[in-house]
Colleague: 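Quick one: this structure, given as structure tokens, is what I'll be asking you about.
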Amino acid sequence: MPQAGQAAWRAADLRTSDWMIPVGAEDLAELEQALTALGGRAPQSAAEAPLPHLGAVLRGAATRLDTGRGFVLLRGLTLERLGEALAEPLLAALGAHLGRPLPGPAGAVQRQASAAGGALRWRFHADAADVVALLIMRQPPDVDPAMLVAAASVHNEMMKRDRAALELLYRPMPHATPTGSVIDLPVFSTASGAFVGRYARDSIDAAQRVPQTPRLTGPQMQALDLLDSLCAEPGLALRMDVRPGDVLLFNPLQVWKRRAESLAESLAEPAPPEAASGSEVAIEAEAPPAMPAPGKREALRLLLLTESSRALPEGLLALVGAPEGPDATMVGG
């Protein structure tokens with residue numbers, strides 16, 4: 001059935017006030033005070049970074065991520081005033097008021113770069129987390145804007161165009177994980193009555209390079225290609241002109257973010273992957289660049305688990321190499 005509510009938004013129907021949250025001088029002052037008290041280190045909990053006013057703003061944002069449109073942009077943080085050396089603890093402090101960080105290959109806060117120009121293929125993608133927090137460090141004018149799309153709206157468009165293809169996306173498909181295993185997950189599902197949309201074409205493609213993985217059928221491949229094309233349709237995806245200091249928060253189970261791949265690399269014949277063990281294949285983790293590169297958007301990323309998240313498909317955390325079981329009970333809490 002079609003998805004409804006605020007989560008089924010289309011870019012053409014949104015105003016900036018629907019998703020932007022101004023950060024005022026009071027918020028900035030208490031954040032600066034908290035970071036000074038921490039002495040440059042990242043907090044381990046919200047209690048270590050008290051934010052009386054901004055914390056309430058973040059709790060309101062968390063509600064919008066879970067039951068609203070699924071994303072907000074905090075604008076007003078000035079990196080010039082706080083200093084780039086405090087950028088990582090700043091993002092960690094904000095994240096501590098939203099949930100628990102997922103570890104990455106280089107720590108919880110990871111540096112990312114988005115390419116500019118050249119032969120690029122853009123794909124929408126969702127990280128395996130409850131909340132993604134991005135702190136924009138640099139945004140050169142030649143870099144394309146950030147783009148988001150509502151998973152529910154893509155679902156509804158596919159329902160109009162090809163119901164048989166949509167049905168295939170409710171069935172599990174093989175996904176490769178960073179630990180080298182292959183697990184079966186659907187793109188669309190429901191859990192505890194809530195809609196879940198989680199798309200990772202790179203993980204699906206990587207699983208197909210494992211010899212023992214069942215091959216995707218022609219209709220399954222066509223369904224994935226249709227999904228890619230719908231995500232990029234005008235009026236559906238939102239273009240966001242971000243600035244240094246902006247903090248983008250979104251729920252990747254409702255909102256997918258666009259990222260670039262080098263077309264030359266994607267069209268090249270992939271080298272045989274190193275097997276983790278036997279027939280398994282590992283997805284190589286992104287290595288943070290040593291120095292910011294000119295002509296690239298630089299951002300810090302933090303993946304979070306939250307207590308109020310909707311339930312998730314079994315095995316989803318494996319896509320980021322996170323442990324499941326007692327330590328992962330916050331997801332779907």
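Only heavy atoms go into these numbers, but all of them, side chains included; no hydrogens, no water, no symmetry mates. As the structure is a computational prediction, the values presented were derived from the model and not from experiment.
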Colleague: At their closest point, which heavy atom of A200 faces which heavy atom of A126, and how far apart are they?
Modeller: CB-O, 4.5 Å

Colleague: Work out which heavy atom in V182 is nearest to a heavy atom in A207; give both atom names and the distance.
Modeller: CG1-CB, 4.1 Å

Colleague: So does D18 pair up with R15, basic N to acidic O under 4.0 Å?
Modeller: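 A salt bridge is present here (some side-chain N lies under 4.0 Å from a carboxylate O).
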
Colleague: For the backbone of P145 and the side chain of D241, can you confirm whether one donor and one acceptor N or O come within less than 3.5 Å of each other?
Modeller: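 Flag not set: sc D241 to bb P145 has no pair under 3.5 Å.
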
Colleague: Could you tell me whether the side chain of R64 reaches within less than 4.5 Å of the side chain of L249, counting heavy atoms only?
Modeller: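 Side chain of L249 against side chain of R64, heavy atoms only: no contact under 4.5 Å found.
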
Colleague: Between D246 and Q139, is there a side-chain heavy-atom distance shorter than 4.5 Å?
Modeller: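 The answer is no; the side chains never approach within 4.5 Å.
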
Colleague: Any side-chain heavy-atom pair from I136 and R75 closer than 4.5 angstrom?
Modeller: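 Of all side-chain heavy-atom pairs linking R75 with I136, none is under 4.5 Å.
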
Colleague: Within a reach of under 6.0 Å around CZ of R243, are more than 12 heavy atoms found that belong to other residues, nucleotides or ligands?
Modeller: no

Colleague: Okay, side chain of E30, backbone of L54: is any donor-acceptor separation there less than 3.5 Å?
Modeller: yes

Colleague: Just so I know, are the side chains of L135 and M137 near enough to count as touching, which here means a heavy-atom distance under 4.5 Å?
Modeller: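 Yes, at least one pair of side-chain atoms sits under 4.5 Å.
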
Colleague: Drop me the distance from L148's CG to M240's CE, to the nearest 0.5 angstrom.
Modeller: 5.5 Å

Colleague: Quick one: does any side-chain atom of Q254 pair with a main-chain N or O of D66 as donor and acceptor, under 3.5 Å?
Modeller: yes

Colleague: How about L248 and V132: do any of their side-chain heavy atoms sit closer than 4.5 Å?
Modeller: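 The answer is no; the side chains never approach within 4.5 Å.
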
Colleague: Are the side chains of R123 and R258 in touch, meaning some heavy atoms are under 4.5 Å apart?
Modeller: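 Counting from C-beta outward, R123 and R258 never come under 4.5 Å.
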
Colleague: Name the residue from Y199, F71, F124 that meets the ring pair (Phe, Tyr, Trp, His ring centres under 6.0 Å) definition with W256.
Modeller: Y199

Colleague: Hey, what do you get for CG (L38) to CD (Q33), rounding to the nearest 0.5 Å?
Modeller: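 The distance works out to 11.0 Å.
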
Colleague: Can a salt bridge be assigned to the pair R209 and D205 using a cut-off of 4.0 Å between side-chain N and carboxylate O?
Modeller: no

Colleague: Within the distance-only criterion (no hydrogens, no angle test), does the side chain of R215 pair as donor or acceptor with the backbone N or O of Q208 below 3.5 angstrom?
Modeller: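 Yes; at least one donor-acceptor contact below 3.5 Å.
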
Colleague: With distance as the sole test, does H53 use its side chain to make a donor-acceptor pair with the main-chain N or O of G24 at under 3.5 Å?
Modeller: no

Colleague: So that I can tick it off, tell me whether R100 and D130 are bridged by a salt bridge, with the cut-off set at under 4.0 angstrom between side-chain N and carboxylate O.
Modeller: no

Colleague: Once you round to the nearest 0.5 Å, how far does CG of L102 lie from CG of D127?
Modeller: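 Answer rounded to 0.5 Å: 9.5 Å.
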
Colleague: Just by distance, do the side chain of E48 and the backbone of Q44 share a donor-acceptor pair under 3.5 Å?
Modeller: yes

Colleague: Test side chain to side chain contact (heavy atoms under 4.5 Å, CB included) on V247 and L77; report intermediate values, then the result.
Modeller: CA-CA 8 Å; V247 178; L77 297 177; 3.6 Å; yes

Colleague: Between CZ of R301 and CZ of R111, what distance do you get to the nearest 0.5 Å?
Modeller: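 The CZ atom of R111 is 13.5 Å from CZ of R301, to the nearest 0.5 Å.
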
Colleague: From F188 CZ over to M159 CE, what is the distance, rounded to the nearest 0.5 angstrom?
Modeller: 9.5 Å

Colleague: Quick one, I21 and L73 - any side-chain contact, counting heavy atoms below 4.5 Å?
Modeller: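 No. Closest side-chain heavy atoms not under 4.5 Å.
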
Colleague: Quick check: do L90 and L300 have side-chain heavy atoms less than 4.5 Å from each other?
Modeller: no

Colleague: Using atom types as modelled and distance alone, determine if a side-chain donor or acceptor of E88 lies under 3.5 Å from a backbone N or O of A42.
Modeller: no

Colleague: Looking only at atom types and distance, does a side-chain atom of D184 sit under 3.5 Å from a main-chain N or O of P172, one as donor and one as acceptor?
Modeller: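 Pair absent, no side-chain N/O of D184 close to backbone of P172.
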
Colleague: Flag the pair E157 and R161 as a salt bridge only when some basic side-chain nitrogen lies within less than 4.0 angstrom of an acidic carboxylate oxygen.
Modeller: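 Yes, charged N to carboxylate O under 4.0 Å.
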
Colleague: What distance separates L14 CG from L238 CG, expressed to the nearest 0.5 Å?
Modeller: 6.0 Å

Colleague: Count I, L, V, M, F, W, Y as connected when their side-chain heavy atoms are under 4.5 Å apart, and connections chain through other members. Are L168 and L216 then in the same cluster?
Modeller: no

Colleague: Sub-3.5 Å donor-acceptor pair from the side chain of S229 to the main-chain atoms of L226, do we have one?
Modeller: yes

Colleague: Determine whether a donor-acceptor pair (N or O, by modelled atom type, separation under 3.5 Å) exists between the side chain of S153 and the backbone of A8.
Modeller: yes

Colleague: Tell me whether R138 is salt-bridged to E84, with the criterion being a basic N under 4.0 Å from an acidic carboxylate O.
Modeller: yes

